[in-house]
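Source: prediction; values computed, not measured. To find a chain, count down the sequence lines: A is the first, B the second, and so on, and within it residues start at 1.
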Number of protein chains: 2
Amino acid sequence: MITERQASILGMVVDEYVVTAEPVSSRALVGQRRLDVSSATIRNELARLEAVGYVTHPYTSAGRVPSDQGYRFYVEALMSEDPVGLDERRTVEHQLHQVSGGLDEWLSLTAMILSSLVGNVAVVTRPRTRSARLRNAQLVELSRDTSLLVAVMDDGRVRQRILPATAPTTQETLNERAHRINRLLDGKDAAEIRAAATDNLDADERDLAGVLAEIVEEQRIAEETFVEGVNIALRQPEFADVDRMLEAVGQLQAYRLRSFLEPAVDGSLGSTRVIIGSENADTGMQDWSMVVSRYGGEDAVGAVAVVGPTRMAYQRTIPRVRYVAALMGQLLQEVGR
Amino acid sequence: MITERQASILGMVVDEYVVTAEPVSSRALVGQRRLDVSSATIRNELARLEAVGYVTHPYTSAGRVPSDQGYRFYVEALMSEDPVGLDERRTVEHQLHQVSGGLDEWLSLTAMILSSLVGNVAVVTRPRTRSARLRNAQLVELSRDTSLLVAVMDDGRVRQRILPATAPTTQETLNERAHRINRLLDGKDAAEIRAAATDNLDADERDLAGVLAEIVEEQRIAEETFVEGVNIALRQPEFADVDRMLEAVGQLQAYRLRSFLEPAVDGSLGSTRVIIGSENADTGMQDWSMVVSRYGGEDAVGAVAVVGPTRMAYQRTIPRVRYVAALMGQLLQEVGR
DNA sequence: AGTTAGCACTCTTGACCTGAGAGTGCTAAT
DNA sequence: ATTAGCACTCTCAGGTCAAGAGTGCTAACT
């Protein structure tokens, strides 16, 4: 257990270290007023905090740095969240309402906004539905022997695919074909599309149905994850060393492909999880912290996260991640997902 | 003017420097055989090359480094292009044919491929048409009070836009509306759409036409430029220093937004321009070289480029940029438009 | 008991130096 | 014109050193 004063000191160490990125000395804490004791007393307390594992020493005589455990305690017991200001809300909501394109543009913008809000990397995954269903398919003539298939899924995805035509066609024919296809396949998932496609369709149309089934069930992870703000995060002093920087970039690049949020997102909706450094099972993420929140409704769930060095402004980050997640859920519902 | 031997020495300096990234000494050149003279002779020649401005000295006693002028001479007179191998062609073409999505996915993949081919940043712009025309518009029901507009332009763009509905609609109604709109507006450019929209349309449809006109003429540069491979380029030794690296990242980030290829693309189709360091009018690009090529047909023109440090493998880069540009033009034609 | 002044001790950091090594530039000989 | 030879210059890595920042401990104080 920890005394009140020790807790307060730990809090000050974290607060200080988060802004300066330099080990915090006992003297620096005295200057901070609020504590009417001498630096020697604080040294004693710090030594005890270190014994319990809440702070560390880079070397014998440097200030103290919070350990992962220390951050954990800070997040759980010490921190008072820095609420999202009204003006922040206003600009965010304004920007998000600005978007006119589809889901993808929207997700990527959200990641960008969140990133700039907290000064770290933001990750947003596309909401996943149990299994997507085709909502509508359209065919557009591109040239005499190619056409473009545009499919809209009920999870908000819109996918295009260029198709070679077996025989010259006109937009008229394509419209008719799309109409037939829609009547037969709308509202169906991949399996049902495959099943329905065997009956009363000509060869071209069967091919088309096959392509549609593929698109509906397609789940390329690369397409599912939006990572933004890497260049913002790189300005953090932890990356002052080129190797660390390159490693970080590579790390995030790789993670874009095998979304690392999955395991973290089992919490209930609305809850925001914080995973600090070594708490992450994934080696290679041991120097990073993540703040993750789920968003969405009953039938579609995605995740919003901020990723950065363990020295992160949790006070600011946590409420902002939660806010953005909530906002997304809300907007998603408005659009009818 | 320059003697034959001086030219050959300059060539060797460039070749050597491009791979080692370290100033080239007279001794290193002697080891290179091909020259049956002593290092002293080479030193004399190097001094003369320096007097003409083809190489520089970082400091009194280090090897020589090619100057921008030296690279220029190298590119113009000395270099023999390193042709694109058959297997390279095969893998590139294979990968490009793999793409199933629309133009955007395709352009971004092209940039990625080119980048990995030459180990530097690749930039691809979307082909511009004189003025785009609407090819087809579709409306899809998202929820009871929102619908999704999907518009296909004749320059290959496909754009989505979420629309709030004034009154509840069904897919049926939307189809009819789309049909009317298409009959009226297909094949028209933004101005023509605006003109046509005044007549015989109800209020909702006029709004829709307005949105379509916007989409058709939309030219957000951010959407027009695909930059890939920044992380590859960062492994170059010129960025061993963090500041240089951050500056480079910022530079490229900024440029994504105000496409810097425009002025460079006045050459005729098929020609490949090389812009070396200080030759670039743009301050801030003075340490970079660009290899740019136009691609496209009569009615749609874009640019492909590779951007990297002046110490660039021009031998490899130039033919590869040219190849990719040609390939894109070809594929673009196949798809029609 | 807890607090604190004082001081020895440790470790970093930056500055300065120094010697080795790499290259050049020049001179004089070929 | 070429080249051997050598003095000269500059970098670079390593080492030393003093200053400074902090701690940890002890002994005195409240």
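Atom OH of Tyr71(B) sits about 4.5 Å away from atom OG1 of Thr310(B), to the nearest 0.5 Å.
Taking a pair to require two hydrogen-bonding distances under 3.5 Å in either a Watson-Crick or a G-U wobble arrangement, dC7(C) pairs with dG24(D). Pair check for dA15(C) finds dT16(D); Watson-Crick or G-U wobble, both atom distances under 3.5 Å.
Using a 4.0 Å cut-off between charged side-chain N and carboxylate O, Arg320(A) and Glu88(A) make a salt bridge. A salt bridge is defined here as a Lys NZ or Arg NE, NH1 or NH2 lying under 4.0 Å from an Asp or Glu carboxylate O, and Arg316(A) with Glu81(A) fails to meet this definition. Taking 4.0 Å as the cut-off between side-chain N and carboxylate O, Arg311(A) and Glu238(A) count as a salt-bridged pair.
Dashed line: the shortest gap from a side-chain N or O of Arg64(A) to OP1 or OP2 of dA21(D) is not under 4.0 Å. An OP1 or OP2 oxygen of dT3(D) is reached within less than 4.0 angstrom by a side-chain nitrogen or oxygen of Thr41(B).
Per the geometry, CG belonging to Leu29(B) stands 16 Å off P belonging to dT2(D), to the nearest Å. Remark: C1' of dA21(D) and CZ of Arg27(A) are 7 Å apart, rounded to the nearest angstrom. Rounded to whole angstrom, the span from the CD1 atom of Ile9(B) across to the C1' atom of dT2(D) amounts to 13 Å. The distance from atom CZ of Arg43(B) to atom C1' of dT3(D) is 9 Å, rounded to the nearest whole Å.
At the heavy-atom level, Ser26(A) lies under 4.0 Å from the strands shown only through sugar-phosphate atoms.
Nearer the 5' end of DNA chain D, as judged by each residue's closest nucleotide, is the contact made by Arg48(B), out of Arg48(B) and Leu46(A). A residue-by-residue look at Asn44(B) and Tyr59(B) shows that Asn44(B) has its nearest nucleotide of DNA chain D further toward the 5' end.
Base orientation at dA1(D) is anti, since its O4'-C1' glycosidic dihedral falls outside 90° of 0.
No donor-acceptor pair closer than 3.5 Å links the side chain of Thr41(B) to the backbone N or O of Val37(B). Put simply, the side chain of Thr91(B) gets close to the backbone of Asp87(B): a donor and an acceptor are under 3.5 Å apart. Panel note: side chain Ser67(B), backbone Gly53(B); a donor-acceptor pair is recorded below 3.5 Å.
Nucleotides of DNA chain C lying under 4.0 Å from heavy atoms of chain B occupy a range whose first and last members, 5' to 3', are dA22(C) to dG25(C).
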